[in-house]
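Because the structure is a prediction, the values reported are computed rather than measured.
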Amino acid sequence: MHRRMMAPGALAAASLMLAIPASAASLSSGAPGIGDPYYPAYGNGGYDVSHYDLRLKYQPATDELQGTATLLARTTQDLSRFNLDFLLDVSEVRVNGAKASFATSGEHELEITPAKPLAKGATVTVVVRYRGVPSSKEAYGFNAWLRTADGGVAAGEPEGAWWWFPSNDHPRDKATFDVSVQVPDGTQFISNGTLQSTSSRAGWTRYNWRSNKPQATYLATFAAGRFDVTTGTSESGIPVINAYSKDLGDTAGAARASVERTGEIADWLTEYFGPYPYNALGGYVPNTPAVGYALETQTRPFYSPRQFANGSNVSVVVHELAHQWYGDDVSVRDWKDIWINEGFARYAQWLWSEHEDEGTAQEIADYVYASHAADDPFWTVKPGDPGPEHQFDIAVYDRGALALQALRNEIGDDAFFAVLKGWPQRFAYGNASVADFQRYAEEVSGKPLAALFDTWLFQPSKPAAPAARGASIARSSEEPVQPKSWKKIAATNGVHDHGHEGGGEH
């Protein structure tokens, strides 16, 4: 599930004011934000990145990271200047081969002024040379870099890229990635996609990873440390690479017993969501005891060892792998559309419960509905637009999945599962909103669904008994029995009010 490194909306808005230089009103300056209402200063305007090539060197002993990022992009307007989101120390920037001037502003903005203005529709190559210690950098009062005893990890949501590569850091601008990192011999480096090659020289080993499908910047991951690595192939033929920190201690067995089922679970999910959208699978468990969340980093989810503190936790693996379709393949248009990620990944856990004969999705829905009284703050969070302060609230997960069961009951299993399977193909490798999903569900089912979506996703109150009965939720007056799977599902919650020390699923 997701890690929320929270920069409250008000703080983000204030930082935007700081980030806008005096000349930003010029039509030829790229905006310092992409236009997300929750995080006005996140992402940037004026260009679209198609590919990131990151060639880096990392020293675990000092946490120093240095190297070169090459971005391939196309301008979407005439540009005299543009921004990247970044925190480390930059020594040189080149745009189309020529040195560019640069400066920092706001909390995380790198402002770049090319030697010559860029015309709309131009292809642009941006090269940034940099170095720094990620664990020493903060923005909005927090640090998203996870320092470990033997290295460092980047896996954060909605931001995490700033600490290790310059980017247009918003899901709306997805790109392919080549990530090449040199680490001392004896240290491994794990990232997304397929491992293209490794090479060793003079005490250092270079790992070359490639993600060949569009990937949101927050889903790019960096993990350097001492790992035990397992390899295999899913029954459907997808290569699987998993990695476990060598110092997981007592959680090592439970972590492996869960994550090693990745291929099996991904194959099972194809029955509901359609073909797996990537050419790689896996997961990794670094020794990051200070955090308790998991994150669906594309093709290779991150899991905190705390997810396995009480034994194996297959449900969290189901959740993160469901995100490969819902969140990674189809990403949010804006962060307010987070239900498209979290409600569906949670519902996948309910489907897994059915698969394991530990409680049907209907029984879990009835239990969730009955477990929260009408005056419970749970119902004040609107999954369809929860606000930045509640983006990863438990209601987005549980009430969000409840909305899906209501939809299932309204349109019937045939249409419902056709929607689940068709959606990732309709918007493959792109972005979509809650409104897009409603329109798609109406198209497939042939039914008007505005009232149902409004009741279950947008009203800050518990759906009244008639509405619930109409959606076949909690039809019985008897107190629902807790499904057998509930404790396993709840064990993946962690802390859903994602402050900087929070934990849970994303």
Side-chain angles (χ1 to χ4, degrees), residues 2-3 5 52 54-67 133-135 143-157 159-165 177-196 198 204-211 215-231 240-248 251-252 255-256 258-260 262 280-308 316-317 320 328 506:
H2 306 297
R3 166 65 166 152
M5 301 294 188
Y52 292 91
L54 309 177
R55 192 167 180 86
L56 310 173
K57 184 177 184 179
Y58 178 68
Q59 175 54 264
T62 60
D63 197 40
E64 184 178 58
L65 182 67
Q66 61 177 297
V133 177
S135 57
N143 184 303
W145 183 259
L146 305 177
R147 188 78 163 100
T148 64
D150 53 15
V153 173
E157 183 189 26
E159 63 285 287
W162 313 341
W163 281 264
W164 69 287
F165 70 98
F177 280 74
D178 279 307
V179 179
S180 176
V181 176
Q182 194 176 42
V183 291
D185 289 348
T187 296
Q188 286 83 29
F189 175 71
I190 306 298
S191 193
N192 315 81
T194 56
L195 182 61
Q196 298 295 105
T198 61
W204 292 79
T205 301
R206 181 170 290 281
Y207 292 80
N208 299 298
W209 294 87
R210 173 168 292 169
S211 293
Q215 176 174 287
T217 44
Y218 85 94
L219 296 172
T221 197
F222 178 110
R226 295 179 179 271
F227 294 102
D228 286 327
V229 178
T230 66
T231 60
V240 182
I241 299 177
N242 298 321
Y244 309 89
S245 175
K246 289 180 180 291
D247 57 356
L248 288 180
T251 62
R256 288 173 182 258
S258 308
V259 178
E260 287 299 307
T262 290
L281 266 171
Y284 74 98
V285 189
N287 191 14
T288 52
V291 298
Y293 63 91
L295 181 65
E296 66 273 16
T297 42
Q298 193 159 304
T299 70
R300 192 153 291 107
F302 159 86
Y303 302 96
S304 162
R306 275 166 49 185
Q307 289 288 337
F308 312 106
V316 74
V317 178
E320 301 311 330
D328 295 11
H506 293 285

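When all heavy atoms of Glu260 and Thr230 are compared, the pair lying nearest together is OE2-OG1, 2.8 Å. In terms of heavy atoms, Tyr58 sits closest to Ala224 at CD2-CB, 3.6 Å. The shortest heavy-atom contact between Pro289 and Pro305 is N-CG, 4.5 Å. Closest heavy-atom contact between Gln307 and Gly292: NE2-O, 2.7 Å. Of all non-hydrogen atoms in Leu248 and Thr251, the two that sit nearest each other are O-OG1, 2.9 Å. The heavy-atom pair separating Arg300 from Ala280 by the smallest distance is NH2-CB, 4.1 Å.
In this view, Asp178 and Arg210 satisfy the salt bridge (charged side-chain N to carboxylate O under 4.0 Å, His left out) rule, not counting sequence neighbours. In this view, Glu64 and Arg131 satisfy the side chain to side chain donor-acceptor pair (under 3.5 Å) rule, not counting sequence neighbours. Partners of Arg256 according to the salt bridge (charged side-chain N to carboxylate O under 4.0 Å, His left out) rule, which considers only residues two or more places apart in sequence or in another chain, are Asp228.
The structure places CH2 of Trp209 at 9.5 Å from CD of Gln196, a figure rounded to the nearest 0.5 Å. If you take CG on Asp328 and CG on Leu219, they are separated by 4.5 Å, rounding to the nearest 0.5 Å. In this structure, CD1 on Ile241 lies 13.0 Å from CZ on Phe227, to the nearest 0.5 angstrom.
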Item to check | Derivation and outcome, side chain to side chain contact (heavy atoms under 4.5 Å, CB included), residues Asp150 and Thr187 | outcome: CA-CA 8 Å; Asp150 53 15; Thr187 296; over 6 Å; no

Item to check | Trp145 vs Val133, side chain to side chain contact (heavy atoms under 4.5 Å, CB included): CA-CA, chis, key distance, verdict | outcome: CA-CA 10 Å; Trp145 183 259; Val133 177; over 6 Å; no

Next on the checklist: One pair to check against side chain to side chain contact (heavy atoms under 4.5 Å, CB included): Trp164 and Val179. What are the steps and the verdict?
Outcome noted: CA-CA 11 Å; Trp164 69 287; Val179 179; 4.1 Å; yes

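Residues Phe165 and Leu56 have side chains not in contact (no heavy-atom distance under 4.5 Å, counting atoms from C-beta outward). Two residues are said to be in side-chain contact when any heavy atoms from C-beta on lie closer than 4.5 Å; Val181 and Tyr207 fail this criterion. Taking the side chain as every heavy atom from C-beta outward, Trp204 and Lys57 approach each other to under 4.5 Å.
A distance-only check finds a donor-acceptor pair linking the side chain of Asn143 to the backbone of Pro134 [under 3.5 Å]. Formation of a donor-acceptor pair under 3.5 Å by the Arg306 side chain with backbone atoms of Ala290 is found in this model. Distance alone, capped at 3.5 Å, is enough to place a donor-acceptor pair between the Asn192 side chain and the Thr221 backbone. Checked by atom type and distance alone, the side chain of Asn287 never pairs as donor or acceptor with a backbone atom of Ser245 at under 3.5 Å. Under the 3.5 Å distance criterion, the side-chain polar atoms of Asn208 are left unmatched by any main-chain donor or acceptor of Ser180. The backbone N or O of Ala144 sits nowhere less than 3.5 Å from a side-chain atom of Trp162 that would complete a donor-acceptor pair.
For the ring-ring contact (aromatic ring centres under 6.0 Å, His included) with Tyr284, the qualifying choice from Tyr244, Phe189, Phe302 is Phe302, the only one to do so. When each of Thr297, Leu65, Val153, Leu54 is checked for a side chain to side chain contact (heavy atoms under 4.5 Å, CB included) with Phe222, only Leu65 meets the rule.
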